[in-house]
Amino acid sequence: MNNNPIGIFDSGIGGLTVVKEILKELPSENIIYLGDTARVPYGTRGKEVITKFALDLANFLLKKKVKFLVVSCNTISSICLDVIEYISPVPVLGVIQPAVDEALKTTRSGVIGVIGTPATIASKIYEKKLKRKNPKLKVKTVSCPLFVPLAEEGLINHAATKLVAKEYLKGFKNNGIDTLILGCTHYPILRSIIQQTVGPKVTLIDSAKPTAKKLNELLEEKNLLRSEEKVRHEFFVTDAPERVYKVADNFFGDHLNGKLKEINLPIA
Ligand code: DGL
């Protein structure tokens, strides 16, 4: 039993799609979310910068005495999860392995598509993890950098998003994929356009639900579940202009108005 909060962090507000599922799966847990809205996007940056930024976020949460760290960002999870695990005194869960496990359970054709930020796709983490479990799998990947600003602008049903999706996803037409991993926590917002573009026969996997389920399992296994009733959910961002509130509500599916606390990083 451990009543300390769970720390969850992302390069911005995309990770709120994961928080939403964690709160459904673990309604008695306290959480502290940190989104680096001042420095997003990470997905177009190099390994060293992403690692440095990610460590700032992890250290902020560790100082808050969290009992578990959830990296609700595919880019950070693919580039430097090992570094975060190394410095963290508490267990760490990223979003890649839960999505990989879900895709392995789902595919019948053995051909899996993955979309993500340029950093995530260049890391080849999904291919490596999928093929480690089943070397016969075929994995087709495409980076979709414009999906992040389109999701943030809330262009969920817009002609511009349809056009961009058509262009990015054209390689998935008739190439045998039956499962597509949305390897970025921003992409669930664009789920319906992505589904329309790749067709109804392709199952879309996003990491939010499988990560929340895995977290529940790990908390139970490590005897870290919370026992108290009254919950506290805190949301920190590194920059909070009006726009961030609007976008955050869209990702979280609820009003965060007045709830985002602004902090400066790194904390000395
Ligand atoms: N949320 C990030 C991810 O899951 C994407 C945004 C970014 O590029 O920082 O990869």
Side-chain angles (χ1 to χ4, degrees), residues 7-22 33-58 61 69-81 83-84 92-100 102-103 113-127 129 141-155 161 164 168 180-191 194 204-212 214 235-239 243-244 247-248 250-253 265:
I8 308 169
F9 66 99
D10 175 44
S11 59
I13 48 219
L16 289 171
T17 56
V18 182
V19 174
K20 199 164 106 183
E21 294 303 327
I22 290 177
Y33 179 79
L34 174 58
D36 197 0
T37 46
R39 303 188 291 195
V40 71
Y42 285 16
T44 46
R45 299 177 191 270
K47 190 177 165 121
E48 269 180 38
V49 170
I50 295 170
T51 306
K52 185 196 166 300
F53 288 178
L55 286 173
D56 291 340
L57 304 178
L61 291 170
L69 279 178
V70 179
V71 184
S72 65
C73 173
N74 281 262
T75 303
I76 301 174
S77 299
S78 53
I79 298 298
C80 55
L81 195 71
V83 182
I84 294 159
V92 180
L93 175 65
V95 282
I96 310 275
Q97 193 63 49
V100 163
E102 193 67 18
V114 183
I115 54 175
T117 64
T120 299
I121 296 303
S123 76
K124 297 195 186 306
I125 187 134
Y126 277 103
E127 286 104 307
K129 282 188 181 287
T141 65
V142 178
S143 75
C144 305
L146 287 174
F147 277 174
V148 169
L150 288 166
E152 291 205 349
E153 288 306 317
L155 300 177
T161 312
V164 171
Y168 281 152
L180 177 65
I181 298 177
L182 308 183
C184 172
T185 50
H186 274 69
Y187 298 175
I189 296 290
L190 305 177
R191 196 182 181 98
I194 295 170
L204 303 187
I205 306 281
D206 90 62
S207 44
K209 266 203 188 104
T211 302
K214 186 73 198 172
F235 298 88
F236 292 92
V237 286
T238 50
D239 188 22
R243 174 184 172 276
V244 166
V247 182
N250 226 352
F251 279 72
F252 190 54
L265 284 178

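Atoms within a ligand are numbered from 1 in the order they appear, just like the ligands themselves. The figures that follow rest on heavy atoms only: side chains count, while hydrogens, waters and symmetry mates do not. Just so we're clear, the structure is a prediction, and the values are computed from it rather than from any experiment.
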Worksheet item: What about the rings of Phe147 and Tyr168, do their centers lie closer together than 6.0 Å?
Response: yes
Worksheet item: What atoms of ligand 1 come closer than 4.0 angstrom to any heavy atom of Val40?
Response: 9 (O)
Worksheet item: How does Thr185 reach ligand 1, if at all, at less than 4.0 Å between non-hydrogen atoms: by side chain, backbone, both, or neither?
Response: both
Worksheet item: Atoms of ligand 1 less than 4.0 Å from Gly43 heavy atoms?
Response: 7 (C), 8 (O), 9 (O)
Worksheet item: Is it the case that Thr120 and Ser123 place a side-chain donor and acceptor less than 3.5 Å from each other?
Response: no
Discussion item. Show the atoms of ligand 1 that are less than 4.0 angstrom away from any heavy atom in His186.
Written reply: 1 (N), 5 (C), 6 (C)
Worksheet entry | Ser72-ligand 1 polar pair, N/O distance under 3.5 Å | no
Worksheet item: Do Asp36 and Tyr42 touch side chain to side chain, with heavy atoms closer than 4.5 Å?
Response: yes
Discussion item. Salt bridge check, Asp56 against Arg39: does any charged N sit closer than 4.0 Å to a carboxylate O?
Written reply: yes
Item to complete: Please identify which atoms of ligand 1 are closer than 4.0 Å to at least one heavy atom of Tyr42.
Response: 7 (C), 8 (O), 9 (O)
Discussion item. Nearest 0.5 Å, please: how far is CG in Leu150 from OG1 in Thr161?
Written reply: 4.0 Å
Worksheet item: Can you tell me if Cys184 has a non-hydrogen atom under 4.0 Å from ligand 1?
Response: yes
Worksheet entry | ligand 1 N/O within reach of Val148 N/O, cut-off under 3.5 Å | no
Worksheet entry | Close N or O approach (Thr117, ligand 1; < 3.5 Å) | no
Discussion item. With heavy-atom distances below 4.0 Å as the criterion, list the atoms of ligand 1 near Ser11.
Written reply: 1 (N), 2 (C), 6 (C), 7 (C), 9 (O)
Discussion item. For the 3.5 Å polar cut-off, considering only N or O atoms, please tell me whether Asp10 and ligand 1 meet it.
Written reply: yes
Item to complete: Would you tell me whether Tyr126 and Asn74 have side-chain atoms, one donor and one acceptor, within less than 3.5 Å of each other?
Response: yes
Worksheet entry | Distance-only polar pair, side chains of Ser72 and Thr185, donor-acceptor under 3.5 Å | no
Fill in: Salt bridge flag under 4.0 Å for residues Glu152 and Arg243
yes
Discussion item. Using a plain distance cutoff, I'd like to know if Thr120 has any nitrogen or oxygen under 3.5 Å from a nitrogen or oxygen of ligand 1.
Written reply: no
Fill in: Test item: Leu34 and Val237 side chains (from C-beta on) under 4.5 Å apart, heavy atoms
no
Item to complete: Any atoms of ligand 1 less than 4.0 Å from a non-hydrogen atom of Thr75? List them with their elements.
Response: 3 (C), 10 (O)
Worksheet item: For ligand 1, which atoms sit closer than 4.0 Å to a heavy atom of Asn74?
Response: 3 (C), 4 (O), 10 (O)
